Structures are given as structure tokens and as C-alpha cells.
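These figures come from a predicted structure and were not determined experimentally. Side chains are part of it too, since the values below use all heavy atoms of this structure and drop only hydrogens, waters and symmetry mates.
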Amino acid sequence: MTHQQITELRQRTGLGLAEFGQLFGVVPSTILSWEKGTGTPSNFVLAAMVQLQRQIEGKEREELKNTLKNFLIAGGILAFLMWLFNQKN
């Protein structure tokens with residue numbers, strides 16, 4: 001995981017340096033050094049970051065699927081109402 005990917009991951013979580021650091025048991029300055037590329041997380045922390053990234057991506061995919069499902073349902077309801085109101089008595 002590159003330092004840019006670490007920064008992106010933290011931003012996607014919406015956490016600040018301190019909160020993100022707490023996830024991995026490090027201080028904010030350590031997170032900052034990882035994001036600048038002057039430090040490197042341990043293999044254990046990197047593995048944890050990859051798992052966090054996968055969880056976030058999974059949730060984003062699930063949210064997208066739910067949003068699309070809601071649009072399809074709303075579109076179906078709208079189409080039904082249009083059909084219903086266009087019926088001749």
C-alpha cells in the first residue's frame with residue numbers, strides 16, 4: 001500500500017489523524033509520516049489496512065446496490081402510476 005493509498009483510506013473513513021492512528025495503535029505523527037511516505041507501517045498494520053479497505057469497498061458496493069434497487073423500485077412505482085392514470089375508464 002502506497003502512502004497515497006494510506007491517505008485515501010484515511011479520508012474515506014472520515015477520520016482524523018488521531019482517530020485513524022487509534023485504529024492501529026499509533027500516534028498521529030506516525031500516520032502523518034506514513035501519508036508523507038517518510039515512514040512505513042509494519043506488515044501487520046498494512047494487512048489490517050487492506051482489510052479495512054476491503055470492508056469499506058464492500059459497504060460502498062452494498063450502498064450502491066441499495067441505491068440502485070431503490071431507484072428501480074421508485075421507477076417501477078412511477079411507471080405503474082403513469083399507466084394507471086393513463087387508463088381509459
Side-chain angles (χ1 to χ4, degrees):
M1 180 171 278
T2 67
H3 66 278
Q4 293 98 341
Q5 290 172 317
I6 293 171
T7 302
E8 181 182 313
L9 177 61
R10 183 178 62 82
Q11 290 171 344
R12 287 172 77 187
T13 65
L15 299 175
L17 291 170
E19 297 89 359
F20 194 71
Q22 287 176 344
L23 292 177
F24 305 105
V26 299
V27 295
S29 60
T30 301
I31 299 295
L32 194 56
S33 73
W34 295 346
E35 290 184 355
K36 288 182 175 181
T38 58
T40 306
S42 68
N43 288 336
F44 178 79
V45 170
L46 284 172
M49 286 182 176
V50 168
Q51 288 302 314
L52 177 59
Q53 185 175 32
R54 287 180 182 161
Q55 287 181 345
I56 290 170
E57 289 170 355
K59 287 182 181 179
E60 288 172 350
R61 277 194 295 272
E62 191 63 32
E63 287 174 6
L64 178 60
K65 284 178 12 182
N66 286 336
T67 299
L68 290 174
K69 183 172 77 173
N70 289 339
F71 278 132
L72 289 173
I73 290 170
I77 292 170
L78 182 59
F80 173 74
L81 290 173
M82 289 174 59
W83 174 81
L84 186 63
F85 287 117
N86 286 324
Q87 292 294 310
K88 295 182 180 181
N89 294 335

Please determine if Glu62 and Lys65 form a salt bridge, counting it only when a charged side-chain N lies under 4.0 Å from a carboxylate O. yes
Quick one: side chain to side chain contact (heavy atoms under 4.5 Å, CB included) partners of Lys69, sequence neighbours excluded? Asn66, Ile73
Show which side-chain atoms of residues 39-48 pair as donor or acceptor with protein atoms under 3.5 Å away, not counting sequence neighbours.
| from | atom 1 | to | atom 2 | distance (Å) |
| --- | --- | --- | --- | --- |
| Ser42 | OG | Val45 | N | 3.2 |

Listed by chain and number, what are the side chain to side chain donor-acceptor pair (under 3.5 Å) partners of Thr2, not counting sequence neighbours? Gln4, Gln5
Shortest non-hydrogen pair, Pro28 vs Ala18, comes out as CG-CA, 3.6 Å
Would you please name every residue forming a side chain to side chain contact (heavy atoms under 4.5 Å, CB included) with Arg54, sequence neighbours left out? Val50, Gln51
Indicate if Leu32 and Leu15 have the same hydrophobic cluster label, given that clusters are the connected sets of ILVMFWY residues with side-chain heavy-atom separations under 4.5 angstrom. yes
Check side chain to side chain contact (heavy atoms under 4.5 Å, CB included) between Ile56 and all other residues, then give those that pass, not counting sequence neighbours. Leu9, Arg12, Thr13, Leu52, Glu60
To the nearest 0.5 Å, how far apart are CE in Met49 and CD in Gln53? 10.0 Å
Which residue pairs pass the salt bridge (Lys or Arg N to Asp or Glu O under 4.0 Å) test with at least one member in residues 37-50, sequence neighbours excluded? none
Which pairs with one or both residues in residues 8-27 pass ring pair (Phe, Tyr, Trp, His ring centres under 6.0 Å), sequence neighbours excluded? Phe20-Phe24
List the residues meeting salt bridge (Lys or Arg N to Asp or Glu O under 4.0 Å) with Glu63, not counting sequence neighbours, and say none if there are none. none
Sequence neighbours excluded, every pair satisfying side chain to side chain donor-acceptor pair (under 3.5 Å) that has a member inside residues 19-37: Arg10-Glu35
